[in-house]
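In what follows, a single structure is set out as structure tokens and then discussed.
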Amino acid sequence: MMTAGILGTAMLFAGSADAFVCNSPTVRPLSSHGLGSPSRLTMSAVADDKTKTTKFRPNPVVVSAEAEALSHSDTTMKLTPSYELFQMLTEAEGGEVPVTTGGNALRDGSVLKEGIEDPLDGLQLSSYVGCGGKTKIETLPDPFKMVEKELQPFSDSIKELVSSDQPILSMAAKHFFEKRHGKRFRPTIVQLVAKAVAAATPEKIVSDDGKSFSSDILNGKDSSEFERIGGVAGWEWSGASKVQVDADNHKGSDAWRRQAQLGQIVEMIHVASLIHDDVLDEAETRRGGEAVHKLYSNKVAVLAGDYLLARASVLLARLENTAVVQIMATALESLVAGEIMQLKSPPEALLEMESYLRKSYYKTASLICYACRSTALLGGHAYGSTVATACEEFGFHLGLAYQIQDDILDFTAAASVLGKPALADMDLGLSTAPILYAAQEYPHLRPLVMRRFKKKGDKETALEALYKSDTAMDKAKALASFHAQRAVDAILRLPPSEARDALVRLTHAVITRKK
């Protein structure tokens, strides 16, 4: 799957950021409408002060800056990575509040709830059982039961979507969809977000005829520029599918159908990445059963993963929303970037919590957060709207909380419960949040982390220090809780609905789960 290599150090400094972000017009102050200027999504997350020094953050280079520049025009999106839009670490741990850009400007929690009483306003997960409180989470709707009937035909329909004339390829591609159905975590998120955004009225930032923009939005530019290309240049307020849905007519609508199909696409991409990862990691098991490459062969597994990605790409194009195609294609690129980062990070980066979180974003959170923003777009909400921004921010923090909890369970849960080998990350030479916090407390672990536990006794020494530490595991749990609370804060910007409240309960489940 991964044939791209890492470029030299000079390119890391000069070009890696440009693989995802482009320097472009200055970020202007927000208007009274809460909207930024139409400077397109090519705007950078870099501050105006050119003399300001910024912390070096190594990026995995997937595509060179030159190749990226050639592939873009005035009408294409160039997404700012979510970790540049939303906060990864607390200020106490060195985290920074991101610069305001088109992708994170509209985050006012009151805009969508004017005159509406919200019983969950100011909710803290720490008040619930399992997170230190006494309130039962069962007071909120069950997320899986809410979409159970809608996802019931999921496995059958997705098996039909990935059918092939080649029996072995078809069997391999269908493997995860026929057995061990699990909770269908990602499709459940998409379905719930689809319902939640249907309860929010799209913010009106263009005239009824769709051709004129407010003077604040135009910021002195000629509106004909945007009318000529259908408004696509102003991605901050476009990208939305032309649909009219609300909570009452959402189910069965064209938007509902496309959002459900997006859930299938996301699951296909996720499963393809699992199949490829297992080949790269030489894993024996996955989800409590044999990995695809162990059942068939490496070649069949790679082809099955490729086939799933190809089918997902075709289905993605059929959603007929160019913005969603570009967003989800970026999610796919991020998965590759995560694998490269995992395989090729320099020794010093292996000690950095921020580097670990960026890898977690690429490998886990990117697919979830981009799927959430895409769901909002398919529901008729503009890219830079309060709704779409809240959805991506929710998915970003939920994805990171999920991965951190996964890494905690790698040390605390048995392999029979996890459905995959315990301590798998250490076997691959990877250091996750618990070990990184232990290394902060016990400096003798640092060289072990930097050499990826390659020497005899390294893993045992690291484990001994981790279990001896009074703070490492607690700090990892606190980091997961930080992201879970940020996810809740984001989704609570949406108007009250059962689906929104179910997403809060889902977030609670993510950091209290035992497998």
Side-chain angles (χ1 to χ4, degrees), residues 20-21 41 45 57 59 77 79-91 93 95-107 109 125 185-186 188-190 192-193 196-197 262 266 269-270 273 324 326-328 330-335 337-338 341 353-377 381 383-407 433 479-494 500 503-504 506-511:
F20 295 95
V21 186
L41 268 184
R57 298 165 176 165
N59 266 336
M77 297 182 84
L79 294 172
T80 301
S82 306
Y83 56 75
E84 295 286 3
L85 298 176
F86 313 115
Q87 196 167 340
M88 282 201 302
L89 279 169
T90 64
E91 285 90 341
E93 291 192 71
E96 300 172 357
V97 177
V99 173
T100 299
T101 73
N104 66 0
L106 305 187
R107 299 167 73 198
L125 286 175
F185 179 65
R186 288 158 187 81
T188 296
I189 293 171
V190 170
L192 289 172
V193 169
V197 301
L262 177 65
V266 169
I269 292 173
H270 172 60
S273 73
V324 170
Q326 293 189 64
I327 291 169
M328 294 307 299
T330 303
L332 191 55
E333 183 181 53
S334 295
L335 293 175
M341 196 171 183
M353 188 62 68
E354 191 168 319
S355 183
Y356 155 73
L357 288 172
R358 292 183 97 173
K359 183 201 71 176
S360 299
Y361 160 75
Y362 283 127
K363 292 199 65 175
T364 303
S366 61
L367 183 58
I368 296 173
C369 69
Y370 283 143
C372 288
R373 184 156 332 224
S374 295
T375 302
L377 265 63
H381 298 276
Y383 175 87
S385 64
T386 304
V387 170
T389 301
C391 289
E392 181 176 339
E393 186 170 1
F394 167 76
F396 171 75
H397 290 296
L398 181 73
L400 288 180
Y402 184 94
Q403 186 58 56
I404 296 163
Q405 181 67 15
D406 218 42
D407 295 336
L479 183 59
S481 296
F482 164 76
H483 283 289
Q485 184 59 51
R486 284 298 179 95
V488 167
D489 294 344
I491 205 65
L492 286 181
R493 290 186 213 129
L494 302 186
R500 185 206 68 169
L503 287 166
V504 173
L506 181 68
T507 307
H508 176 274
V510 161
I511 58 168

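When side chains are defined from C-beta on, T364 does not count as touching D406, because their heavy atoms never get closer than 4.5 Å. For the pair M328/L262, a side-chain contact is recorded, criterion being any heavy-atom separation below 4.5 Å from C-beta on. Two residues are said to be in side-chain contact when any heavy atoms from C-beta on lie closer than 4.5 Å; I511 and T507 fail this criterion. Looking at V266 and I368, their side chains never come closer than 4.5 Å, going by heavy atoms from C-beta outward. Inter-residue side-chain proximity for Y370 and S334 is flagged as met; some heavy-atom pair is nearer than 4.5 Å.
Between H397 and F482, the angle of the ring planes goes over 60°, which puts this pair in the perpendicular group of the 30/60° scheme.
At a cut-off of 3.5 Å, with distance as the only test, no side-chain donor of S360 or Q403 sits close to an acceptor on the other residue.
With rounding to the nearest 0.5 angstrom, the CZ atom of R486 is 10.0 Å from the CZ atom of F396. Rounding to the nearest 0.5 Å places CG of L192 at 4.5 Å from CG of L503. Note that the CD atom of E393 and the CZ atom of R107 stand 4.0 Å from one another [nearest 0.5 Å]. The NZ atom of K363 sits 9.0 Å away from the CG atom of L335 when rounded to the nearest 0.5 Å.
Side-chain atoms of Q485 come within 3.5 Å of backbone N or O of L125 as a donor-acceptor pair. The backbone N or O of Y361 lies less than 3.5 Å from a partner atom in the side chain of S366, making a donor-acceptor pair. When atom types are taken as modelled, the side chain of S273 and the backbone of H270 share a donor-acceptor pair closer than 3.5 angstrom. Of the possible donor and acceptor atoms, one in the side chain of Q87 sits under 3.5 Å from a partner among the backbone N and O of L89.
Within the 6.0 Å centre-distance limit, the rings of Y362 and Y83 are counted as a close aromatic pair.
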I327 vs L377, side-chain contact (heavy atoms from CB on, under 4.5 Å): CA-CA, chis, key distance, verdict: CA-CA 10 Å; I327 291 169; L377 265 63; 3.9 Å; yes
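Closest non-hydrogen pair, L494 versus R500, comes out as O-NH1, 3.0 Å.
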